[in-house]
Number of protein chains: 2
Amino acid sequence: MPAATPSTKCFTISQLARELNISTRSIRYYEEKGLISPQRTRGNQRVYNRRDRARLKLILRGKRFGYNLNEIAEMIGLTDVNMGETEQIKKSLEYGEKKLSEIRDRITELEKLAQEMNTIKGKLQQRLKDIANGSVP
Amino acid sequence: MPAATPSTKCFTISQLARELNISTRSIRYYEEKGLISPQRTRGNQRVYNRRDRARLKLILRGKRFGYNLNEIAEMIGLTDVNMGETEQIKKSLEYGEKKLSEIRDRITELEKLAQEMNTIKGKLQQRLKDIANGSVP
DNA sequence: GGCATACTTAACCTTAACGTCAAGGTCAAG
DNA sequence: CTTGACCTTGACGTTAAGGTTAAGTATGCC
C-alpha cells in the first residue's frame, strides 16, 4: 500500500476565512452554534478538512437565501450527524424532501422576480424615450 | 363619463398584515425605513391601495432571498420614486441590470443547492438500504 | 531560544428587525 | 354619544449575527 490519506488536505481558520471571504469570528460562531466541528491540533488549534470547507460553503449558500443559522442547522443536520438510527435517517429524508420542494418554489419565485424587474426595466426605457421626444412628464 | 376610480380598493394595516402574514409593526417599520408611504384618512390612519400591497409583497419577496431592508429600498427605488430626471432613470436602469444578473446567478446557485441536497438524499437512502440488510455501521 | 504571526477563549459591544407595552385617538354600530 | 374594535406614536426590550478587544498560547523560522 502507498502512503495514507491521499485526500486529506487541511486548512487553518484564516485560510478558509480568506477563501470564503468571511471573518474568522463568523466561522467560530458557526461552530459555537454547532454547524461545524473541525478537528484540533495538539496545541488546540482548529484544523479544517475539505468536508468542513464544503459545509461552510453550504452554510454561506443558505445564508444568501435568507435562511438563518437555526434553519441551516436543521437543513444540514441531514448530512452526517444523525446517521445513527433508521428513524433519524427517515426523518432527515422527510425534512430534506420538504426543503427541496421549498427550494423549487424559490426558483420559480426568483424567475417571477426577474420577470417583474424586466417589466419595470421596459417601462423605464419607454419613459426615457418619451422624455427624449418631449412628451411632458 | 361613468363613476371615477374603478380600481381603488383599499386596505387597513391589519388587513394587510393578516393577508401577508406579518405583523403590523413590521409594516410600520417598513414605512419608517421609507419603503412604503400609504395615504392617511382625515383621522390620520393609514390606508393602503393595491400598489402599496404589491410593494409589500415585493419587500417580502426580497426578504426571502436574504436581502436586507436597505438593499430592498435601493432595489425598489427603481419603481416609482426617482421617475424625474433622465439621469436618475438611467442610473436606475443600470442598477436594475446589475440586480437582474445577480438574480440569474442566484437561480443557478439555487439549482446547485437542489442538486447537492439530492446527492445527500441519495446517500441517505443508500444508507437506509445498507442498514436494512445488515452491513454494520 | 527568540521573534513574528497566527491562533485561542472570554467578554463585552453593535446593528437590524422587529416585539411589546403604554397612553391616547378614530370609526362604525347602535 | 357611548362602546368596542382598531389605529396612532413613542419608548424601551429582545434576538440573531456577528465586530472588537484583551490577555494569553502555538507555530514556523532564524
Side-chain angles (χ1 to χ4, degrees), chain A residues 8-50 52-53 55-77 99 102, chain B residues 8-50 52-53 55-77 99 113:
Chain A
T8 309
K9 217 172 212 169
C10 289
F11 315 85
T12 73
I13 193 170
S14 54
Q15 271 169 27
L16 275 187
R18 227 168 298 134
E19 184 187 338
L20 303 180
N21 207 28
I22 57 181
S23 69
T24 61
R25 174 64 164 107
S26 296
I27 298 182
R28 292 202 191 93
Y29 185 65
Y30 300 153
E31 184 177 345
E32 235 176 85
K33 288 250 142 183
L35 299 189
I36 20 169
S37 318
Q39 298 292 118
R40 302 291 185 122
T41 67
R42 297 138 280 136
N44 196 36
Q45 297 193 186
R46 276 166 258 252
V47 181
Y48 299 85
N49 59 31
R50 65 231 301 145
D52 295 322
R53 181 169 120 289
R55 172 168 288 215
L56 269 177
K57 284 189 181 177
L58 198 60
I59 295 173
L60 296 181
R61 193 167 298 146
K63 292 215 65 185
R64 257 170 276 140
F65 293 113
Y67 292 109
N68 65 38
L69 293 184
N70 287 328
E71 290 170 317
I72 294 174
E74 276 194 342
M75 235 168 137
I76 65 181
K99 281 300 170 191
E102 220 178 282
Chain B
T8 308
K9 217 171 212 171
C10 288
F11 315 85
T12 74
I13 192 169
S14 53
Q15 270 168 28
L16 276 187
R18 226 167 301 133
E19 183 186 340
L20 303 180
N21 207 28
I22 56 180
S23 69
T24 61
R25 174 64 165 105
S26 295
I27 298 181
R28 292 201 191 94
Y29 183 66
Y30 300 153
E31 183 177 347
E32 237 178 83
K33 288 250 143 183
L35 300 190
I36 20 169
S37 317
Q39 298 292 117
R40 302 290 185 121
T41 65
R42 298 137 279 135
N44 196 35
Q45 298 192 184
R46 276 165 258 253
V47 181
Y48 300 84
N49 59 31
R50 63 230 303 143
D52 295 323
R53 183 171 120 287
R55 172 168 289 214
L56 270 176
K57 284 188 181 179
L58 199 60
I59 294 172
L60 297 182
R61 193 167 300 148
K63 292 215 65 185
R64 256 170 276 137
F65 293 114
Y67 292 109
N68 65 38
L69 294 184
N70 287 328
E71 291 170 316
I72 294 173
E74 277 192 343
M75 235 167 137
I76 66 182
K99 280 302 169 191
L113 182 58

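Every chain is numbered from 1, with letters handed out A, B, ... down the list of sequences. Bear in mind that the values here come from a model prediction, so they are computed numbers and not experimental data.
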**Prompt:** With the sugar-phosphate defined as primed atoms, P, OP1 and OP2, and the base as all remaining atoms, what B/S/- string results for nucleotides 22-30 of chain C, 5' to 3', for protein heavy atoms under 4.0 Å?
**Reply:** ---BSS---
**Message:** Restricting to non-hydrogen atoms, name the atom on K63(B) and the atom on Y30(B) that form the minimum distance, rounded to 0.1 Å.
**Reply:** CD-OH, 3.7 Å
**Prompt:** Per the side-chain contact (heavy atoms from CB on, under 4.5 Å) rule, which among R28(B), R18(B), R25(B) passes with I13(B)?
**Reply:** R28(B)
**Item:** Side chains of Q39(A) and D52(A) in contact at under 4.5 Å (non-hydrogen atoms)
**Value:** no
**Request:** Starting at atom CG of L20(A), determine the distance to atom P of dG18(D), rounded to an integer number of angstrom.
**Result:** 13 Å
**Beyond-backbone contact of I36(A) with I27(A), side-chain heavy atoms, under 4.5 angstrom** = yes
**Fill in**
To the nearest angstrom, the CG-P distance between L56(B) and dA17(C) comes to 15 Å
**Request:** Measure the distance from CZ on R64(B) to C1' on dA17(C) and round it to the nearest whole Å.
**Result:** 17 Å
**Prompt:** With distance as the sole test, does S14(B) use its side chain to make a donor-acceptor pair with the main-chain N or O of A17(B) at under 3.5 Å?
**Reply:** no
**Prompt:** Does a side-chain heavy-atom distance below 4.5 Å link L58(A) with I72(A)?
**Reply:** no
**Asked** When the distance from CD1 of I13(A) to C1' of dA26(D) is rounded to whole Å, what number comes out?
**Response** 14 Å
**Asked** Within a strict 4.5 Å, meaning less than it, do heavy atoms of the R55(A) and L35(A) side chains meet?
**Response** no
**Fill in**
Rounded to whole Å, the CG-C1' distance (L69(A) to dA16(C)) equals 15 Å
**Prompt:** When all nucleic acid strands are considered with a 4.0 Å heavy-atom cut-off, which category describes T24(B): base, sugar-phosphate, or nothing?
**Reply:** nothing
**Prompt:** Quick one: R25(B) CZ to dA11(D) P, roughly how many Å, whole number?
**Reply:** 12 Å
**Prompt:** Under 3.5 Å, side chain of R53(B) to main-chain N/O of Y48(B), donor-acceptor pair present?
**Reply:** no
**Message:** Measuring to OP1 and OP2 of dG18(D), would you say a side-chain N or O of S23(A) lies under 4.0 angstrom away?
**Reply:** no
**Asked** Checking E74(B) side chain against E71(B) main chain: does a donor-acceptor pair fall under 3.5 Å?
**Response** no
**Request:** Strictly below 4.0 Å, heavy-atom distances to any atom of DNA chain C: list the hits from residues 26-40 of chain A, or just say none.
**Result:** R28(A), R40(A)
Which atoms of nucleotides 21-24 of chain D (N or O only) lie under 3.5 Å from a protein N or O atom, and what are those distances?
none

**Complete:** note: R18(B), atom CZ; dA5(D), atom P; distance rounded to Å ~ 13 Å
**Message:** Is there a side-chain contact between P38(B) and V47(B) in this structure, where contact means two heavy atoms from C-beta onward sitting under 4.5 Å apart?
**Reply:** no
**Asked** Is it true that E31(B) and R40(B) have a side-chain N and a carboxylate O under 4.0 angstrom from each other?
**Response** yes
**Item:** Rounded distance in Å - CG (N68(B)) to C1' (dC18(C))
**Value:** 14 Å
**Prompt:** Does OP1 or OP2 of dA6(C) have a side-chain N or O of S14(A) closer than 4.0 Å?
**Reply:** no
**Request:** Determine: side-chain N/O of K63(B) to OP1/OP2 of dA16(C), distance under 4.0 Å, yes or no.
**Result:** no
**Request:** Determine, stepwise, if the pair F11(B) / N49(B) fulfils side-chain contact (heavy atoms from CB on, under 4.5 Å).
**Result:** CA-CA 6 Å; F11(B) 315 85; N49(B) 59 31; 5.7 Å; no
